[in-house]
Colleague: 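Starting off with a structure, shown below.
Counting from 1, the numbers follow the sequence of the chain as shown.
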Amino acid sequence: MKAAGRSVRTRLRDRLAASDPGLLRLTAGLRTVGAIALTLAVLAVFGVDVTHLVAGAMAAMVATFAIQEKERGPQAVTLALGLPVALASVSLSALLTSQVVIGDAFFVVLIFCAVFVRRFGDRGTALGLIGFQVYFLSLFVGAKVSALPELWGAIAVAFVCSAVVRFAVVPETPAGILQRLRQAFRARLAQLISAQIDLLDAGPDGIDRTLEHLREGTARLHETALMIQSRLEDGTPDESTARLVQRRVADAEIAAERLGLLLLTARSAERADTLTLHLPGAPAPSVGRTPAPGEATETLRRDLGALRTLVLRPPAEARGTALSHLRNRLLGYRDEENLPEATPAVQDVFRGIGEAARAVMGLRIALDGPQDESDDTPATTRSREELDAEDVAIDAGEESTPQDEPTGLRRPTTRAAVQVAVGSSLAIVGGEFLSSQRWYWAVLTCWIVFINTASTGEILVKGYRRVLGTVLGVVAGIVLAGLVGNHTWTAFGLVLLLIFAMFYTAPLSYTLMSFFVTAMLGLLYTLLHTYSMSVLLLRVEETALGAACGIVAAALVLPIRTDRRTNELLGTVLERLRDVTEGAVDQLSGGPAADLLDTARDLDQALGDLRAATQPLTHPITPLRARRDTAQYVVALLETCAYHARSLAATAELLPTHPSIAADPRLRGAVRRTVRNIEAIAARVADESAGAEVETGPSIASLLEPDAAGVPRYGRITGRVLRHLERLDEAVVGLARPLGVPVRAPKR
C-alpha cells in the first residue's frame with residue numbers, strides 16, 4: 001500500500017512539475033495570497049476599518065509581486081527600499097488630491113520615472129512599480145491627509161508581512177528553483193517519450209492528433225531547457241557545474257527530439273521532414289499500420305517504455321538489478337551487433353534509443369551524482385567512460401564580451417517611458433471626461449499594456465486581451481457581488497482565491513488574468529460600499545479608453561512597428577545561426593574548441609524573442625491570413641534550423657573525448673554555401689534593396705571527396721553530421737521564398 005501511495009504521489013508530483021516548471025506559478029500565487037492573508041489577519045487584530053484592510057491587502061500584493069530578484073539578499077534590500085518609496089508615494093498622492101492639475105502632472109512624471117528606472121535592472125523595475133502601484137492604491141481608496149498615519153501603518157504592516165511570507169513561510173532559493181526545474185525537465189521528457197510511444201501505435205486516423213501532441217511535447221521540453229539555462233548560474237555552486245548541467249540538459253533534449261524524428265521516419269515511406277515537428281498544422285506524413293512487422297515492433301514499444309522508466313525513476317528508487325538491466329539493454333543498442341533484425345529505418349530508431357539512454361544516464365549523473373556501477377555491462381562502462389571524459393573536458397568557458405547599449409531615445413526604457421507618459425496624459429484627460437472619480441483606471445490600463453511589450457502590434461494585442469478579460473470579469477463581478485452581499489470576510493476569502501488564480505494563470509493567458517483582476521475588483525468595490533452596475537460598466541469604458549490611449553501613443557510617439565522589430569530580431573537569429581553553424585563545423589573540421597553550447601543557447605534565446613514578437617502577426621484575430629501563415633512558416637523553419645545547429649554543436653563538443661568521432665577537414669568547405677546563404681538572407685532582411693541571392697547546388701554529402709576506391713570516407717557519426725548539414729542547408733534555402741530573397745541555381 002505504501003508503495004502504491006508513493007507511486008500515486010510521484011505521478012501527481014510529476015504532472016504538476018510538468019504543467020508548472022519549477023512550480024514558479026504555484027509559488028507566486030501562494031506567496032502573494034499568504035502575504036495578503038497575513039496582512040489582513042494582523043490588521044484585523046488592530047481593529048482597522050475595511051478601507052485600510054483593502055489598502056493593506058493591495059500593498060501586500062504589490063510588495064510581493066514587484067520583487068523579481070533571484071537571490072534572497074538583494075530581495076531583502078529591495079523590499080526595505082520599497083517601503084519608504086511606498087510611503088512617499090501615498091503621502092504625495094494624499095497631499096495632491098485637491099490640486100487636480102498639479103496632481104495629474106505629478107502622476108505623469110511618476111509614471112515616466114517608474115518606466116525610466118527599469119534600465120537599472122530588477123531593483124529599478126521593482127521600485128518604479130511600487131511607486132506607481134501605491135500611488136494608484138491611494139487613489140483607489142481615496143486617501144486623505146488626515147488618514148495618512150493609518151495608511152502608513154497599513155502599508156508598513158503589509159511590507160513586513162510580505163517579508164515574513166517571502167523569507168519564512170514560502171521561502172524560495174535559486175538552488176531550490178533549479179532543483180524543481182530539473183524535476184520538470186524529467187517529467188516533460190517522459191511526457192515526450194509517451195507521445196513518441198503513441199506515435200508508434202497511431203493509425204492513419206489518429207496520426208494528426210498524435211503528431212500535434214509530439215509537437216507540443218517537443219516545444220515544452222525546449223521551454224523547460226531554456227528556463228533551466230536562465231537559472232543555472234545562481235542555482236549551482238560554481239560555473240563548471242553549471243556548464244555540466246547545461247551540457248547534459250542539451251544532450252537529453254537533442255536526443256529526445258532526434259528520437260521523435262527517427263520514429264516519424266520509421267512510420268513514413270520516406271525520411272521525415274524536420275519541419276513537421278515545428279510547424280503547427282503541418283500535414284502529417286503518410287504512415288503505414290506499423291513501423292515494422294512482428295517482433296521488432298514489440299521490442300521497440302517495450303524499449304521506449306523502458307526509456308521512460310529510466311527518466312522518471314526518482315534517485316532514491318533508481319537502484320537495483322531490474323533498472324540496471326533496462327539501462328544496460330538500451331545502452332547496448334549503441335553497438336551495431338546488438339541491433340535487432342529490422343528495416344534500416346527501424347534500426348535507426350533503436351540506435352536513437354541507445355543515444356537517448358546515454359543522454360539520460362549523463363543527465364542523472366549530472367543531477368544526482370555518481371551511480372551504482374556494479375551491474376554495468378561493457379557497453380555501459382564505455383558510455384560512462386565517455387561521459388567522464390566529457391566532464392573533465394568541460395572548463396569555465398570564456399567571458400562574454402559586453403555589447404554596446406543604445407543611448408538616448410534609442411534606449412528601450414527611455415522610449416517606453418516617453419510613450420507611456422504621453423499615453424497616460426491622454427488617458428487622464430479622457431478619463432476625467434468619463435469620470436472625475438475613477439479616471440485612474442484608464443491610466444492603469446495604459447501603463448499595463450506597455451509592460452513587457454516592444455512594438456505597436458504587441459501593445460495592440462495586449463490591449464485587446466485586457467479589454468476582453470475586463471468585459472468577462474465584469475459579468476463575474478456582478479454575480480460574485482450579488483452572492484457575498486455584506487459578508488466582509490467571505491468577500492475577502494473570494495478575493496484571495498481570485499488573486500491566486502490571477503497569479504497562477506498570468507504567464508498562460510493575459511485575458512484570464514484580466515478576468516480574475518476585474519472580478520476581484522468587483523468584490524473590493526463591494527467591501528468599500530461603492531459597488532454598482534454603473535461602476536463596473538465604467539470600469540470597462542475606462543479600460544477600453546486606456547488601451548486606446550496606449551495604442552495611439554505607441555503608434556505616434558517614437559513608434560516601433562512590428563515589421564521593424566521582427567526584422568531586427570530575425571537578423572539577430574540569423575547572425576546567431578551563422579555563429580553556431582560556423583563554430584560547430586570549424587570544430588568538427590579540426591579547428592580549436594569554442595564555447596558552442598552558450599552560443600547555441602544565445603540562438604535559442606534570440607529565436608524565443610522573435611517568436612514572442614511575431615504574436616501580433618500570428619494572432620487568430622488578425623485579418624491578414626497570408627501574412628500570419630508566412631510568419632508561422634518562417635518561425636517553424638528557423639526552429640528547424642536551430643535544432644540542426646544545436647545537434648551540430650553538441651556533436652562538435654564531443655569531438656575531444658568521443659572515440660568514434662574524428663575531425664574531418666572537408667566539412668569546412670562543404671558548409672561554405674550554407675553560411676553564405678544565411679548571410680545573404682540576413683543582408684536582404686536588413687536592406688530590401690540589397691542584391692543578395694541564395695545559391696542552391698548539389699547535396700552537402702556529394703561535396704566531400706571520395707577516397708581512391710570511390711567510396712565516401714566517413715562513418716556513421718560523420719554521416720549523421722552530414723544529414724544535419726543537409727537539412728540545415730535545405731531549411732536555409734527554404735527561408736528564401738517567404739522572405740523574398742532570390743534563389744540562384746548553380747551554373748552547369
Colleague: Taking C-beta and beyond as the side chain, do Leu607 and Arg576 meet within less than 4.5 Å on heavy atoms?
Modeller: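 Heavy-atom side-chain distance check fails, nothing below 4.5 Å.
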Colleague: Any side-chain heavy atom of Leu497 within less than 4.5 Å of one from Phe500?
Modeller: no
Colleague: Can you tell me how far OG1 of Thr78 sits from CG of Asp122, rounded to the nearest 0.5 angstrom?
Modeller: 8.0 Å
Colleague: Under the criterion side chain to side chain contact (heavy atoms under 4.5 Å, CB included), I'd like the reasoning laid out for Val157 against Leu38: C-alpha separation, chi angles, the key distance, then a yes or no.
Modeller: CA-CA 9 Å; Val157 167; Leu38 183 59; over 6 Å; no
Colleague: I need the Arg438 CZ to Leu444 CG distance, nearest 0.5 Å.
Modeller: 14.0 Å
Colleague: Of the non-hydrogen atoms in Ala417 and Val420, which two are nearest, and what is the gap between them?
Modeller: O-CG1, 3.4 Å
Colleague: Between Arg123 and Glu69, is there a salt bridge with N-O shorter than 4.0 Å?
Modeller: yes
Colleague: Measure the spacing between CG of Asp609 and CG of Asp604 and express it to the nearest 0.5 Å.
Modeller: 11.0 Å
Colleague: Any cation-pi pair here, Arg119 with Phe116, using under 6.0 Å and within 45°?
Modeller: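 Positive - Arg119 is close enough to the ring of Phe116 and near enough to its axis.
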Colleague: Could you state the interatomic distance from CD (Glu575) to CG (Asp602), rounded to the nearest 0.5 Å?
Modeller: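 Glu575 atom CD to Asp602 atom CG measures 10.0 Å (nearest 0.5 Å).
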Colleague: Between Trp441 and Phe136, does the ring centre distance come in under 6.0 Å?
Modeller: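 Yes, they do, as the ring centres are separated by less than 6.0 Å.
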Colleague: So, does Thr445 use its side chain to make a donor-acceptor pair with the main chain of Ala442 at under 3.5 Å?
Modeller: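 No; zero donor-acceptor contacts below 3.5 Å.
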Colleague: Between Thr125 and Gln68, do the side chains contain a donor N or O and an acceptor N or O under 3.5 Å apart?
Modeller: no
Colleague: Report yes or no: do Thr64 and Arg31 form a side-chain donor-acceptor pair below 3.5 Å?
Modeller: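 Result is no, nothing qualifies.
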Colleague: Side-chain contact, heavy-atom cut-off 4.5 Å: Gln229 with Leu232?
Modeller: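 Yes, close enough: below the 4.5 Å cut-off.
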Colleague: What's the verdict on side chain to side chain contact (heavy atoms under 4.5 Å, CB included) for Gln133 and Trp447, showing C-alpha distance, side-chain angles and the deciding distance?
Modeller: CA-CA 10 Å; Gln133 293 286 0; Trp447 157 279; 4.3 Å; yes
Colleague: Check whether any side-chain heavy atom of Val54 lies under 4.5 Å from a side-chain heavy atom of Leu137, and answer yes or no.
Modeller: no
Colleague: Can you tell me if Thr505 uses its side chain to pair, donor with acceptor, with the backbone of Leu508 under 3.5 Å?
Modeller: no
Colleague: To the nearest 0.5 angstrom, please state how far the CZ atom of Phe159 sits from the OG1 atom of Thr39.
Modeller: 10.5 Å
Colleague: Trp152: which residues meet the ring-ring contact (aromatic ring centres under 6.0 Å, His included) condition with it, sequence neighbours left out?
Modeller: none
Colleague: Under the side chain to side chain contact (heavy atoms under 4.5 Å, CB included) criterion, do Arg465 and Ser514 qualify, and how do the steps go?
Modeller: CA-CA 8 Å; Arg465 290 172 174 167; Ser514 301; 5.9 Å; no
Colleague: Not counting sequence neighbours, which residues clear side chain to side chain contact (heavy atoms under 4.5 Å, CB included) with Phe167? List them please.
Modeller: Arg72, Gln75, Ala76, Leu79, Ala163
Colleague: At their closest point, which heavy atom of Ala55 faces which heavy atom of Leu151, and how far apart are they?
Modeller: CB-CD2, 3.6 Å
Colleague: Is the closest basic N to carboxylate O distance between Glu172 and Arg180 below 4.0 Å?
Modeller: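 Salt bridge present between Glu172 and Arg180.
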Colleague: Treating Arg25 as the side-chain partner and Tyr504 as the backbone partner, does any N or O pair qualify as donor plus acceptor under 3.5 Å?
Modeller: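 Confirmed, Arg25 side chain pairs with Tyr504 backbone.
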Colleague: Residues in side chain to side chain donor-acceptor pair (under 3.5 Å) with Glu150, at least two apart?
Modeller: none
Colleague: Could you check whether any side-chain N or O of Lys462 sits under 3.5 Å from a backbone N or O of Ala547, counting only pairs where one atom can act as donor and the other as acceptor?
Modeller: no
Colleague: Drop me the distance from Thr32's OG1 to Arg166's CZ, to the nearest 0.5 angstrom.
Modeller: 8.5 Å
Colleague: Taking all heavy atoms of Gly22 and all of Leu181, pick out the closest pair and write down the distance.
Modeller: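 Of all heavy-atom pairs spanning Gly22 and Leu181, the closest is N-CD2, 3.5 Å.
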Colleague: For Phe120, does the CZ atom sit with more than 12 other heavy atoms under 6.0 Å from it, leaving out its own atoms?
Modeller: yes
Colleague: Could you tell me whether Gln437 atom CD has more than 12 heavy atoms of other residues or ligands within 6.0 Å of it?
Modeller: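 No.
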Colleague: For the side-chain contact (heavy atoms from CB on, under 4.5 Å) test, which of Val443, Ile428, Leu426 pairs with Cys549?
Modeller: Leu426
Colleague: For this output row, return yes or no: ring centroids of Phe107 and Phe132 closer than 6.0 angstrom.
Modeller: yes
Colleague: Would a 4.5 Å heavy-atom cut-off, applied to side chains only, mark Pro174 and Arg231 as touching?
Modeller: no
Colleague: Show the nearest heavy-atom pair for residues Phe503 and Gly29, with the distance to one decimal.
Modeller: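 Closest pair (atom of Phe503, atom of Gly29, distance): CB-CA, 3.9 Å.
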Colleague: Which residues pass the side chain to side chain donor-acceptor pair (under 3.5 Å) test with Ser424, sequence neighbours left out?
Modeller: none
Colleague: So Ser89 and Ile130, side chain to side chain contact (heavy atoms under 4.5 Å, CB included) or not? Walk me through it.
Modeller: CA-CA 9 Å; Ser89 183; Ile130 289 171; over 6 Å; no
Colleague: Taking the side chain as everything from C-beta on, heavy atoms only, tell me whether Trp439 gets closer than 4.5 Å to Leu545.
Modeller: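 They are not in contact (no side-chain heavy atoms under 4.5 Å apart), so the answer is no.
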Colleague: Picking from Ile155, Leu95, Val85, what satisfies side-chain contact (heavy atoms from CB on, under 4.5 Å) with Val90?
Modeller: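 Going through Ile155, Leu95, Val85 one by one, the side-chain contact (heavy atoms from CB on, under 4.5 Å) with Val90 is satisfied by Ile155 alone.
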Colleague: Below 4.5 Å, heavy atoms only, C-beta onward: do Ile499 and Met520 meet side chain to side chain?
Modeller: yes
Colleague: Taking Thr572 for its side chain and Glu568 for its backbone only, find out whether a donor-acceptor pair lies under 3.5 Å.
Modeller: yes
Colleague: Could you pull out the closest heavy-atom pair between Leu527 and Ala491, with the gap in Å?
Modeller: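 Of all heavy-atom pairs spanning Leu527 and Ala491, the closest is CD2-CB, 3.6 Å.
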Colleague: Quick one, Val134 and Ser138 - any side-chain contact, counting heavy atoms below 4.5 Å?
Modeller: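 A side-chain contact is absent here, since even the closest heavy-atom pair is not under 4.5 Å.
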Colleague: What side-chain donor-acceptor pairs closer than 3.5 Å can you find for residues 468-485, not counting sequence neighbours?
Modeller:
from, atom 1, to, atom 2, distance (Å)
Thr470, OG1, Arg466, O, 2.7

Colleague: So, using side chain to side chain donor-acceptor pair (under 3.5 Å) as the criterion, who are the partners of Thr566 when residues are at least two apart?
Modeller: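 Here no residue qualifies.
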Colleague: Check Gly423 against Cys446 and note the closest heavy-atom contact, atom names and distance.
Modeller: C-SG, 3.4 Å
